[in-house]
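Below, chains carry the letters A, B, ... as their sequence lines are ordered, and counting in each starts from 1. What you see below is based on every heavy atom in this structure, not just the backbone, and it leaves out hydrogens, waters and symmetry mates.
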Amino acid sequence: MSSLQFWKPGTVGPGSTLDRATETEGNVLSSAPLTSSVSIQVARERLPIFKHRQKLLYCVETYGVTIVVGQTGCGKTTQLPQYLYEAGWASDGNIIACTQPRRVAATSVAGRVATEVGTILGDEARILNVIKVGYTIRFEDVSDKERTRILYLTDGMLFRETLIDPLLSRYSVIMIDEAHERSIYTDLLLGLLKKIRRKRPSLRIVVSSATLDASYFLDYFSAGNPEGEATIISLEGRMYPVEVAYLQEPTADYVRKAAETVWNIHLHQASGDILVFLTGREEIDRCLEELSEYLPTLPRNAPRLKLLALHAGLTTEEQLAVFEPAERGTRKVIISTNIAEASVTIDGVKFVVDCGFVKIRIYNPTSTLSSLATVPVSLASSIQRAGRAGRTSSGICYRLYPESALASLPITTPPEITRVDLTTPILQLKSLGIDDLMKFEWVSSPPAETVLRALENLVASGMVGEDGRLTATGEKVAECPVEVNIARMLFMSKEYKCGEEMLTIAAMTTVQDVFIIPEGAAGALAELERRKFTAEEGDHLTLLNAYNAFTRYGRSSSWCKAHALSFRAMSRAVSIRAQLKKYMQRFDLPLESCQGDAKRLRQCLVSGYWRNGAKWVADGTYRSVRGNVVLYVHPNSVLFTRKPRSGWVIFHEMEETKKTQIRILTEIEPDWLLEYGHTFRDKHTGVAIS
DNA sequence: GAGCACTGC
């Protein structure tokens, strides 16, 4: 094979978006001894952010909104809240909050900062009366109402808090970290924070973002506000330079090209692990196959190659394998989805191979269909991906497209809020008293049709009245951490006397990948195990059976393994169920059991899924009641191979892949659909809704 | 007759 057919136009480095590193990332602080405050002090001063300390504090003091452009490794997430604390922003019972889009980030950063300030997290700290740093994520609140001064939490949790305290009055400063990722909760929070600041100007906001988005946030917070409301401050990072190489010609098959590139790197470049970005599991598997075909041609004296896949569908153990250092004389190759772009960080990577594409969710409000589309990555993403090669030393990023294609890349990925169903978020905004959605200051406006569709959905399900205001049920459902149709079933379970079972079904439909069906012979065996739970009525009751069996047999991981169930998913279902149970109790919904009366259960399901009806047709596909769309049953369904006796089903969700598929089906009688399709009478207002 | 980017409450 020829040497690399890449053109190397230069380096992503100083002056660009990845700055030259001054020292190794991360271990400076974590290696500091717990008890020695002196060494911690020294270490903190070595962080690039330190010399901007006074300037940062001045900006927060002077400006309502400070946009911090901080590159990976500058220490903003760990240091800025501490500077603010030391400057007195947490006095008088005030709290400094820092939001993260992911749970792991919130917990791990809180742990690190607790070490730095000389305390610890959790119960031990509570006894010692030294709680200063805490974190809050769903199912886990490691904070103290009185004593926590610096609180790390997921953006979703802070958004939820606005439903209880709309002015977020316990916080003096709120830092929205990783804002450039534009998670839906980040966007909603930023919109609310701009509003909150008008009523509570003393609140300070810090938005931390990557370079390419900073001026967008500045414009957003400056619009309609007095001069000097917002400012930008830029911090250099601690990245090593990454050289970028492009293909000379576009490739028709980037998976094959990726394999070829990996092979070339291995034969011609010095040691260092390789990280490959592809779009999905199928591509990853194919790339692995191509590479294993090369392996026998490896010269006897050449270093070995260790091939690893990384995607969210793997078990935790399988995912952990990518962090294990390879044996001496072996190079690791990690072939990954976008999970390695921001969620998972692997040190030791010196080479990145970027296919230039990503899979993103797209929502079509007209058809209410969600789909996964493979689209070119944004410029911001390609920079982030390249940066993965420069974490521990300088590196090279091979982009599998010509440099000329750079110009056609979008600057950033469209924010999530423009690409998803907004039924639940809009219900929540209404619950916050934001009734005129046209006047809400979105950071990026969602498509008008998506907003209209969400409103229509809310009216049809009795959450919003004809006057555009929340109904009594709507007020309650807005608080529930589940989709609107699921919440509606929980409320209707009172009529059908099946609260106990609906609670389980609600929890089980929320977790994904309950059944583990591996490839090949093991898969056939797993399939047999799953049949033990199968209910002929369909998937909802099958999920119920699986959950009940799980609790009956002691909730053990070995039991799950023996029955082809995911222990992680099942445990999560237990937590979600417990959380939803509290809401049921608060709303006075009885936890009765239907005592095995599956008919009542199925009727209750229709009260939530009444818009998701479908009729079986002779070729084994279904037609949707709304829109007469051709629907294919997902292969994981127990109804995949079987015609429902009545010929009718409701389904949990539909998604467009190569075909339009429906997942989690239950057989129903068609006249049950009519009952809900025509009118739903809101129990509290008595208003009939068509 | 065949499949699933990533998060979050």
- Query: Any luck finding a side-chain donor-acceptor pair between A/R391 and A/T345 under 3.5 Å?
  - Reply: no
- Residue pair A/R102/A/K658 against DNA chain B: nearer the 5' end by closest nucleotide is A/K658
- Message: Going by the rule side-chain contact (heavy atoms from CB on, under 4.5 Å), which residues pair with A/D619 if we only count those two or more places apart in sequence or in a different chain?
- Response: A/V617, A/T621, A/R623
- Query: Who pairs with A/R256 by salt bridge (Lys or Arg N to Asp or Glu O under 4.0 Å), at least two apart in sequence or on another chain?
  - Reply: A/E290
- Please determine, for the side chain of A/N636, which listed nucleotide (B/dC4, B/dC6, B/dG8) has the closest atom? B/dC4
- Query: With a 4.0 Å cut-off on heavy atoms, is A/T424 in touch with a base, just the backbone sugar-phosphate, or nothing at all?
  - Reply: nothing
- Have a look at A/H311 and say if it touches a base, only the backbone sugar-phosphate, or nothing, with a 4.0 Å heavy-atom cut-off. sugar-phosphate
- Task: Establish, yes or no, whether a centroid distance under 6.0 Å links the rings of A/Y609 and A/F651.
- Result: no
- Would you mind classifying the nucleic acid contact of A/R361 as base, sugar-phosphate or nothing, using non-hydrogen atoms under 4.0 angstrom? base
- Message: Please classify the nucleic acid contact of A/G280 as base, sugar-phosphate, or nothing, using heavy-atom distances under 4.0 Å.
- Response: sugar-phosphate
- Task: Give one of base, sugar-phosphate or nothing for A/L372, where a contact means two heavy atoms less than 4.0 Å apart.
- Result: base
- Report the nucleotide, chosen from B/dC9, B/dG1, B/dC6, that has the shortest atom-to-atom distance to any side-chain atom of A/T510. B/dC9
- Query: When all nucleic acid strands are considered with a 4.0 Å heavy-atom cut-off, which category describes A/Q661: base, sugar-phosphate, or nothing?
  - Reply: sugar-phosphate
- Query: A/R281 side chain: which of B/dC4, B/dC9, B/dT7 is closest?
  - Reply: B/dC4
- Would you classify A/S183 as touching base, sugar-phosphate or nothing, given that sugar-phosphate means primed atoms plus P, OP1 and OP2, and contacts are heavy atoms under 4.0 Å? nothing
- Query: Which part of the nucleic acid does A/Y632 contact within heavy-atom distance under 4.0 Å: base, sugar-phosphate only, or nothing?
  - Reply: nothing
- Closest to the A/K659 side chain, choosing from B/dA2, B/dG8, B/dC6: B/dA2
- Message: Please report the distance, rounded to the nearest Å, between CD1 in A/I137 and C1' in B/dG8.
- Response: 11 Å
